[in-house]
Protein chains: 2
Amino acid sequence: MQVAITIKDIARLANVSITTVSKVINNKDDSISEQTKNKILQIIKETNYQPNAIARSLVTKKTKTIGLIIPDITNPFFPEIARGAEDCANIYGYNIFLCNTDDNAEKENNYIAVLREKCVDGIIFTSSSIPKYEHIIDLIDSGIPVVMIDRSIEPKLKNIYGVFLDNYKGGYLATKYLIELGHRNIACITGPLYTKSAIERLNGYKKALSDFNIEINNSMIIEGDFKINSGMVAAEKIIENKDVTGIFACNDLMAYGVYKTLKKKGYRIPDDISIVGFDDIQLSQILEPQLTTIKQPSYDMGLTATRVLIKLIEGEKVRKKVVKFEPSLIERKSVREYHNNI
Amino acid sequence: MQVAITIKDIARLANVSITTVSKVINNKDDSISEQTKNKILQIIKETNYQPNAIARSLVTKKTKTIGLIIPDITNPFFPEIARGAEDCANIYGYNIFLCNTDDNAEKENNYIAVLREKCVDGIIFTSSSIPKYEHIIDLIDSGIPVVMIDRSIEPKLKNIYGVFLDNYKGGYLATKYLIELGHRNIACITGPLYTKSAIERLNGYKKALSDFNIEINNSMIIEGDFKINSGMVAAEKIIENKDVTGIFACNDLMAYGVYKTLKKKGYRIPDDISIVGFDDIQLSQILEPQLTTIKQPSYDMGLTATRVLIKLIEGEKVRKKVVKFEPSLIERKSVREYHNNI
DNA sequence: TTGAAAGCGCTAACAT
DNA sequence: ATGTTAGCGCTTTCAA
C-alpha cells in the first residue's frame, strides 16, 4: 500500500473543500459549477490522483469485491467458471478474490471468515456439501449475498440462490445414449459421493438403467474423486468384469484416466469398450478418440452466477432463485454401437 | 458488506477501552492482565466478532491482498501458476485478486489502476510486454512491489523482480533433441512474438539449428498465438513442405492443434512426423501418443513469485532479483528417430 | 454553489 | 495494566 496523494491534496490545490472534490469524483456534481468542476478534474489528471477505495469502502460499506470459492482452479472445469465470473464482475466494476479449498471444510471456513473480514460484497461458492453444510447455512443467514454454483446443497433452503446444471438429466442422457446403442453392461465411475452433483449424475444413470429394465449392479458402480487417477484405478477394476461394454465416467478427467488404463491394457476405444464423459472440457476434442461427453456451459454458468450475485448485492430483483442449465450430449468418437449377437 | 458488531461493542461489553480490545486482537497483549484478556476473548467468541479488515487497512496501510494479473486463466498453463500463488499467499495470510487481461494492454492498465485504488500490497504480473511496457515501468516506479512471472520484459531494468523459465534453453533443448535423433527439417510454431518467452524459445530453436550447422529456413517458422487453433492452422502450412519430419510447437496447446490436423490428414505421430511441445501441462500425458515436451515447473513458479513478492512487501531481503527455473525435457512418445536413408 | 463537521472501525502514540 | 486521543481518506448530512 503506497503513500499517495489524497483528496485533501486535491482540495488544497484546487482551493476548494474536500466535499466538493468528493462530489466531482463521484459524479454527484449537479450542483458544482462547470468552472470548479473543470479545475478539479484538471488537477486530478495532472496529479494522477486515484481515490483510495479502502477509505471509501469504510464509509460506503461497499467494497466492490466478490469472493469466489472453488475446490481447485487446477481442475480444468473451474477455469471456465472463474473466467465467466471474472468477466461479469469486471463489467460491473467488481474484483474477485480467488479461493481454492480442495473440498476441505476447514479451508472453506477459513476463507469464509477472511472474506467476511475483508468485507466482500458477496460470495460465489462451490462447496462440497454433504458431510457438513452448517457453515454455509450460517454464511447465508449472516445476510451476505451468496450464490451457490455447480453443486447445490442439501437441504433445499428457501433462501438459497444458485446456478446449477441439471446433473440428473446429464447422467440420464449419457446412460440412455449407451443403452440405446445396445449396451447393457454399463459401468459408472462416480464423483465423490459427498457432492450433490456426483450423486445426481449417479441417480440419472440408475434411472436410465431402470427405465430400460436393466438391473442395477452395484459392483459396476465405482466411486471416484473427479480426478484423472481415480479414472485409471476404476478402469482397472471395471475390466475385471468381461461383460462390460460401456463406461459412464462422471467427468471428463476420469474418462481420461480410463483411456489411459484401457490403452495400456490393449483395449481399443470404442471397439472394445465405449466411454461417455461429463463436462466437455476443452481437451476432450483433442483426445484420441475424441470423447463423447455431456456438455456443461461452464463459462455461462460462471457468468450467470456472478450476474445474479451482483443483482443481489445491488438490491435488484432476482426472479429465479435457482437457474438450472441444461446438459447436452456431444457425440464424438468414443462410443460405438454394441450388438449382443456378434 | 454487512453491518456487524464492532470493536466498540466488544469494549462496551467487556467494560474496557477499545485500545485494550485492539491489543488483544493483535496479540500485543504483553501488558494486559490474563483476566481482562480472557474476558475479552470470551466475549469475542460469544459474539462471533470479526475485526473489520477495511478499517484496519485504512490505518495500517496494509491490505494483505495481492493482485495476480495473467492473460487468461482458461489457458491450462495459468491455473497451475495461480494455484501456486494462492497456496503461498494463503500461508502468509494474503488473498489474491484474479485478473485476466487477454494480453490486452488496455485491460492491463485498467486492472493496474483498480488494484492500486484497492491498495493491494503487491502485484504478480504476466504481461505481454514488447509492444508497450511503459505502464509496467510506471507501475514499478510507483514503488509498489511487483514480481513479473513467466514473461520478462524489455529492457532489463535494474529494479525488476521476476520469476522466469529459461525459455531460450527450453527451445534449445527441444530442438537439439530432434536434431540428435536425426531430424534435419524441423519446423517451429512460435508463440505470439510480442512476448519475450516466445522470442526466446524461437531463439533457442535457431541456436540449436546453427550449432548443428542446419540452415535456418524462415518458411519453417510460423507464428502462432499459444492457442490450439493456431497449431491446427500452422500444421496445415507445415505439411505442404514434404521434407519436414519434426515440429517444435512452442507450447503444448499448439501441439494439440498439430495433433488434430495431422491425424485428420492421415499422418501418424511419430511415424510420419515427430512433435515436441512446451509446458508439460497435465493433459500432455493423456494424449495419444503421449506428448514429448519441455517441462515448466509452473506451480513452483507461482509459489516462488508470491514468496518473493511477500518478502518484498514485508521488507525482507530478497537476494536474487530474478530467479530462473530450468526447463527439462520429458521424453514420451511423440518423437521417433529419423533415418535419412530409409 | 460550496463547505464544515461528523463519523465509518480501527491502530498507535502517548498519557495515566 | 489500561485509557484518551488523534487520525487513516473518504462520504454524507446539514448549514451557509
Side-chain angles (χ1 to χ4, degrees), chain A residues 1-41 43-44 47-65 93 114 116-121, chain B residues 1-41 43-44 47-65 93 114 116-121:
Chain A
M1 206 163 155
Q2 63 235 290
V3 242
I5 171 164
T6 75
I7 197 173
K8 233 178 183 166
D9 300 316
I10 303 296
R12 189 169 31 76
L13 290 170
N15 266 316
V16 296
S17 72
I18 57 174
T19 308
T20 308
V21 178
S22 175
K23 278 179 180 157
V24 345
I25 290 170
N26 295 295
N27 291 316
K28 297 180 179 171
D29 46 11
D30 313 339
S31 65
I32 310 283
S33 75
E34 277 298 308
Q35 201 185 345
T36 43
K37 182 177 159 183
N38 287 333
K39 187 167 62 179
I40 289 168
L41 253 17
I43 290 173
I44 285 176
T47 55
N48 202 14
Y49 165 70
Q50 288 177 310
N52 180 322
I54 297 291
R56 173 180 293 159
S57 293
L58 188 58
V59 13
T60 60
K61 307 280 176 214
K62 299 252 161 261
T63 54
K64 288 279 190 174
T65 297
V114 171
R116 295 179 69 172
E117 286 194 5
K118 293 205 171 161
C119 303
V120 297
D121 294 335
Chain B
M1 207 161 151
Q2 61 237 292
V3 243
I5 169 164
T6 74
I7 196 172
K8 233 176 182 168
D9 300 316
I10 303 297
R12 188 170 33 75
L13 291 169
N15 267 313
V16 296
S17 72
I18 57 172
T19 308
T20 307
V21 178
S22 175
K23 278 179 180 156
V24 345
I25 289 171
N26 296 293
N27 290 315
K28 296 179 180 171
D29 46 11
D30 314 339
S31 67
I32 310 282
S33 75
E34 277 300 306
Q35 200 185 348
T36 44
K37 182 176 158 184
N38 287 333
K39 186 168 60 179
I40 290 168
L41 254 18
I43 291 172
I44 285 176
T47 55
N48 204 13
Y49 164 70
Q50 287 177 311
N52 181 322
I54 297 291
R56 175 181 292 157
S57 292
L58 188 58
V59 13
T60 60
K61 309 282 178 208
K62 299 253 162 257
T63 54
K64 288 280 190 172
T65 298
V114 171
R116 294 179 70 172
E117 286 194 4
K118 292 204 172 163
C119 303
V120 297
D121 294 334

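Computed over heavy atoms, backbone and side chain alike; hydrogens, waters and symmetry mates excluded.
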Contact summary for Lys118(A) and Thr63(B), nearest pair of heavy atoms: NZ-O, 3.3 Å
base_contact_polar (dA1(D) base, Thr20(B) side chain, donor-acceptor, <3.5 Å): no
Side chain of Thr60(B) - closest among dT2(D), dG3(C), dA12(C): dA12(C)
Side-chain N or O of Lys61(A) closer than 4.0 Å to phosphate OP1/OP2 of dG9(C): yes
Under-4.0 Å side-chain N/O to phosphate OP1/OP2 contact, Ser31(A) with dT1(C): no
Under-3.5 Å donor-acceptor pair between Ser33(A) side chain and dT2(C) base: no
Ser17(A) side-chain N/O to dG3(C) phosphate OP1/OP2 under 4.0 Å: yes
Phosphate-side-chain proximity, Lys23(B) and dA12(C), N/O vs OP1/OP2 below 4.0 Å: no
Atom-pair distance (CZ on Arg56(A); C1' on dG7(C)), nearest Å: 17 Å
Nucleotide of dC8(C), dG3(D), dT2(C) approaching Thr19(B) most closely (side-chain heavy atoms): dG3(D)
Separation of dC10(C) P from Asn52(B) CG (nearest whole Å): 5 Å
4.5 Å side-chain heavy-atom contact, Arg12(A) and Asp9(A): yes
Thr6(A) side chain near Asn52(A) side chain, heavy-atom distance below 4.5 Å: no
Rounded distance (Å) that lies between atom P of dT2(D) and atom CD1 of Ile10(B): 17 Å
No-H, no-angle donor-acceptor pair, Ser22(B) side chain to dA12(C) base, under 3.5 Å: no
Whole angstrom value for the distance that separates P of dC10(C) from CG of Leu58(B): 12 Å
Most 5' of Thr36(B) and Ile18(A) on DNA chain D, judged by nearest nucleotide: Thr36(B)
Nearest-neighbour nucleotide for the Ile7(B) side chain, dT2(D), dT5(D), dG9(C) considered: dG9(C)
Sugar-phosphate, base or nothing in reach of Thr6(B), heavy atoms under 4.0 Å: sugar-phosphate
Phosphate contact (dT12(D) OP1 or OP2) by Lys28(A) side-chain N/O below 4.0 Å: yes
Separation of dT12(D) P from Asn26(A) CG (nearest whole Å): 7 Å
Distance in angstrom units between Gln35(B) CD and dT2(D) P, rounded: 8 Å
Rounded interatomic separation in angstrom, taking NZ from Lys118(A) and P from dG9(C): 19 Å
For atom CD1 of Ile54(B) and atom P of dT11(D), their distance in whole Å: 14 Å
Pairwise distance CD1(Ile7(B)) to OG1(Thr19(B)) - rounded to 0.5 angstrom: 8.0 Å
Nearest-0.5 Å distance, CD1 of residue Ile5(B) to CG of residue Asn48(B): 8.5 Å
Contact under 4.0 Å: Tyr49(A) side-chain N or O vs dG9(D) OP1/OP2: no
Gap between atom CD1 of Ile10(B) and atom OG of Ser22(B) - 0.5 Å precision: 12.5 Å
